[in-house]
4 protein chains.
Amino acid sequence: MKEDNKPQGRPRSIQSHQAILKAALELLAEVGYERMSVEAIAQNAKVGKSTIYRRYKGKEELVADAIESIREEVVIPDTGSLWGDINALIENAARITFNPLGKQAVATIISSASSNSEFARIYAHKYLQPRREAFTVVIKKAKIRNEVRLDLDADFVFDVMSGMMLYGLIFPPTSETWEEYVRRAMEAVIS
Amino acid sequence: MKEDNKPQGRPRSIQSHQAILKAALELLAEVGYERMSVEAIAQNAKVGKSTIYRRYKGKEELVADAIESIREEVVIPDTGSLWGDINALIENAARITFNPLGKQAVATIISSASSNSEFARIYAHKYLQPRREAFTVVIKKAKIRNEVRLDLDADFVFDVMSGMMLYGLIFPPTSETWEEYVRRAMEAVIS
Amino acid sequence: MKEDNKPQGRPRSIQSHQAILKAALELLAEVGYERMSVEAIAQNAKVGKSTIYRRYKGKEELVADAIESIREEVVIPDTGSLWGDINALIENAARITFNPLGKQAVATIISSASSNSEFARIYAHKYLQPRREAFTVVIKKAKIRNEVRLDLDADFVFDVMSGMMLYGLIFPPTSETWEEYVRRAMEAVIS
Amino acid sequence: MKEDNKPQGRPRSIQSHQAILKAALELLAEVGYERMSVEAIAQNAKVGKSTIYRRYKGKEELVADAIESIREEVVIPDTGSLWGDINALIENAARITFNPLGKQAVATIISSASSNSEFARIYAHKYLQPRREAFTVVIKKAKIRNEVRLDLDADFVFDVMSGMMLYGLIFPPTSETWEEYVRRAMEAVIS
DNA sequence: GAATAACCGAGACGGTACGTCAAGTCTTGGT
DNA sequence: ACCAAGACTTGACGTACCGTCTCGGTTATTC
């Protein structure tokens, strides 16, 4: 039983779509969510405003999709040791996060998620879940290598890692680097 | 030359000041930071807009002060045991956080802090610091009672607690309650 | 060399054409020129917008043609007396004019003509001229019957009649009916 | 019993008001009603759009008021003879009407009045009525001077004059000037 | 009877203007 | 110097149409 969604009329332009996302991300990185205007996005993307509003219900949805679009593929590190893998994960997170765009993206996500539980739920599902699963694989391999005790709760460890990253991102630690800070918490919970 | 800033003319009305804060908090709880307007605050407080802008540079500062105004005194629990104290701290945090106003206040803080590092710095200093110090006292007493190892880093433990609270607030855990979630992380780092 | 413009390809659909005119007139009567949209016409006529723009350069031209399409044949009354004929002409004009569509059609014509002299010229030529000629015939017959003086300027009388109709249509007289109003002016100029 | 309309707050700026009207009239003369934008008016008047929308419900109302504002004082001519007076009235009407602004103003009035009977009613009351009264005075004096029969209906003569002016404005006569055209109709009805 | 050419409905495209809303500033008369 | 009220400029919002363009698909005429 197919759901015969045969679209009629001129199809939506892929170039426009990408130009919109590109412009949105550029502006997000430059001036941040609040100060960026849909009008400016349209202008930079050389696109009519209606082309944006045909795709998205509003600025919020547009930016959510733009951020979504830069989500990188989740790569499961395989360095052969638990800490090698964890360090790879942390470094990867740091790489994504520590540039203007990453910072603004995280800020936007946190901001939206904290004032809108639905957004939080969606984000948790679409972004966090794949990473959680990747982390579970890493822990499982460590268990096989006997690097950690067998009853270690991978989900909980992942949450501690995420929580510390978030916290360190918002309130940067003064004495250590952000990465060491996270690593230290991981050591404690993995013990 | 004295810097005796003796204000001339009619002094600023205290009633107005409090009405502004009250109205701001009510609206914050009802509709959240973005959707609340300074105009509505002024109207609800039966105050002219200029009376607000005379006191604050803008909406951001006003809301910051409004949230500041509900900050409760930091009380250092003293139950006689480390876990009694920690549980008291967690319960207190939960009490403050789990109502519409608390949620919006936290959302506003996180949102502002994540997109504005200056705000984050101020908040860390004015809000987090006193709590950090209270926590340090709790840990110190536990050390005296020999409940924890002597080289335990109180600051780090505090940060893990804060981080988990923040994370659990934004992305509520599904399986456990928020409080147990935080407590579990604490157990791991105190060990 | 023949100018035998024999069109190739699929001929334009007559049903579509008529559906467009029908929808245009309906909307014109309902909401008036300004508030009617080409999009709505296309939708009501179950026709693509391009089918409209293939036929007309724009909304203006489309509506002009739609109004044109309801133009009735000019009938020269022949009641046997000048006033019988004139009354027939007036009554006919009233019949055409006093319904929603007629009112809007006149409004559209006047509006266009008053802000666009080219439109006025075209309209004067295509619509007014045949009526002027019919009126001239009526006057000529009256002259033969000796009902009016022989040097009566039929064109001028026609213009007075038209002018009074127009004026009475825009600013309806309060004391008399529109028709009596016109008739009274006619009596004066025919004397 | 006074109707205590004591306005509070900053009063509406008279300069802004006048700048808006001035800009509106300029644009009306230059590009006409349809092609003029409220945005352009605001810009030319160096005024925020909201300042316009605070005063008027929309473009239509603004333009109506702008046209209203150039209405000249009605002057009752007194040349000593009926035809001297009438000629003065006609020449005055011609003077007002035959420039870009006048043409557009008339076009706008006719257009609005013909598609909106409420506008027609207002206009008839505020613009036509004073002129009608002035004309009545002129006729009354002529009656005293025995230049016309005593039972001449001044209102009706005025309507014929107005109607012919309107008609001649929309469909300019080819053989005679607009003014002679009107005069000729007047002669017929005054007889 | 296949190729060609113009048509068709649908709907996306880049634009322009609309009318609304809020931010932060300014100006009243009055306390 | 303060106050409430409500004006002011600025600038973004999201909506509605305009007239054009692009799909897949449909008739007629021409080869």
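Residue numbering restarts at 1 for every chain, and letters A, B, ... go by the order of the sequence lines.
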Would one find a side-chain N or O of D:Tyr53 under 4.0 angstrom from OP1 or OP2 of E:dG19? yes

Just do the side chain to side chain contact (heavy atoms under 4.5 Å, CB included) check on A:Val63 and A:Gln104 with the steps written out, would you? CA-CA 11 Å; A:Val63 174; A:Gln104 286 291 348; over 6 Å; no

Spacing between D:Glu60 atom CD and E:dA17 atom P, to the nearest angstrom: 18 Å

Atom-pair distance (OH on B:Tyr33; C1' on E:dA22), nearest Å: 12 Å

Note, C:Arg55 side chain near C:Glu61 side chain (heavy atom, < 4.5 Å): no

Other residues, nucleotides, ligands: >12 heavy atoms within 6.0 Å of C:Arg71 CZ: yes

Whole-Å distance between F:dC18 C1' and C:Glu61 CD? 15 Å

Any non-hydrogen side-chain atom of C:Ile67 less than 4.5 Å from a side-chain atom of C:Leu28? yes

Is a donor on one side and an acceptor on the other found under 3.5 Å between the side chain of B:Lys59 and the backbone of B:Met36? yes

Would you say NZ of D:Lys22 has more than 12 non-hydrogen atoms from neighbouring residues, nucleotides or ligands within 6.0 angstrom? no

Distance in angstrom units between A:Gln8 CD and E:dA10 P, rounded: 7 Å

Under 4.0 Å between a side-chain N or O of A:Arg54 and OP1 or OP2 of E:dG14? no

Distance, rounded to the nearest Å, where A:Tyr56 contributes OH and F:dC13 contributes C1': 18 Å

d(NZ, B:Lys57; C1', E:dA23) in whole Å: 16 Å

Within the pair A:Lys59 and F:dC13, is there a side-chain N or O less than 4.0 Å away from OP1 or OP2? yes

Could you work out how much the helix from E:dG1-F:dC31 to E:dT31-F:dA1 bends, comparing the axis of its first five pairs with that of its last five, to 10°? 20°

Tell me, do D:Glu60 and D:Tyr33 make a side-chain contact under 4.5 Å, heavy atoms counted? yes

Between residues 10-30 of chain C and DNA chain F, which residues have a heavy-atom gap below 4.0 Å? C:Arg10, C:Pro11

Rounded to the nearest 0.5 Å, what separates atom NZ in A:Lys46 from atom OG1 in A:Thr51? 15.0 Å

At a heavy-atom distance below 4.0 Å, what parts of residues 35-52 of chain C sit against DNA chain E? C:Lys46, C:Val47, C:Gly48, C:Lys49, C:Ser50, C:Thr51

More than 12 heavy atoms of other residues, nucleotides or ligands under 6.0 Å from CZ of A:Arg35: yes or no? no

Considering residues, nucleotides and ligands other than D:Glu26, do more than 12 of their heavy atoms fall under 6.0 Å from its CD? yes

Does any part of the side chain of C:Ser69, heavy atoms only, come nearer than 4.5 Å to the side chain of C:Leu25, both counted from C-beta? yes

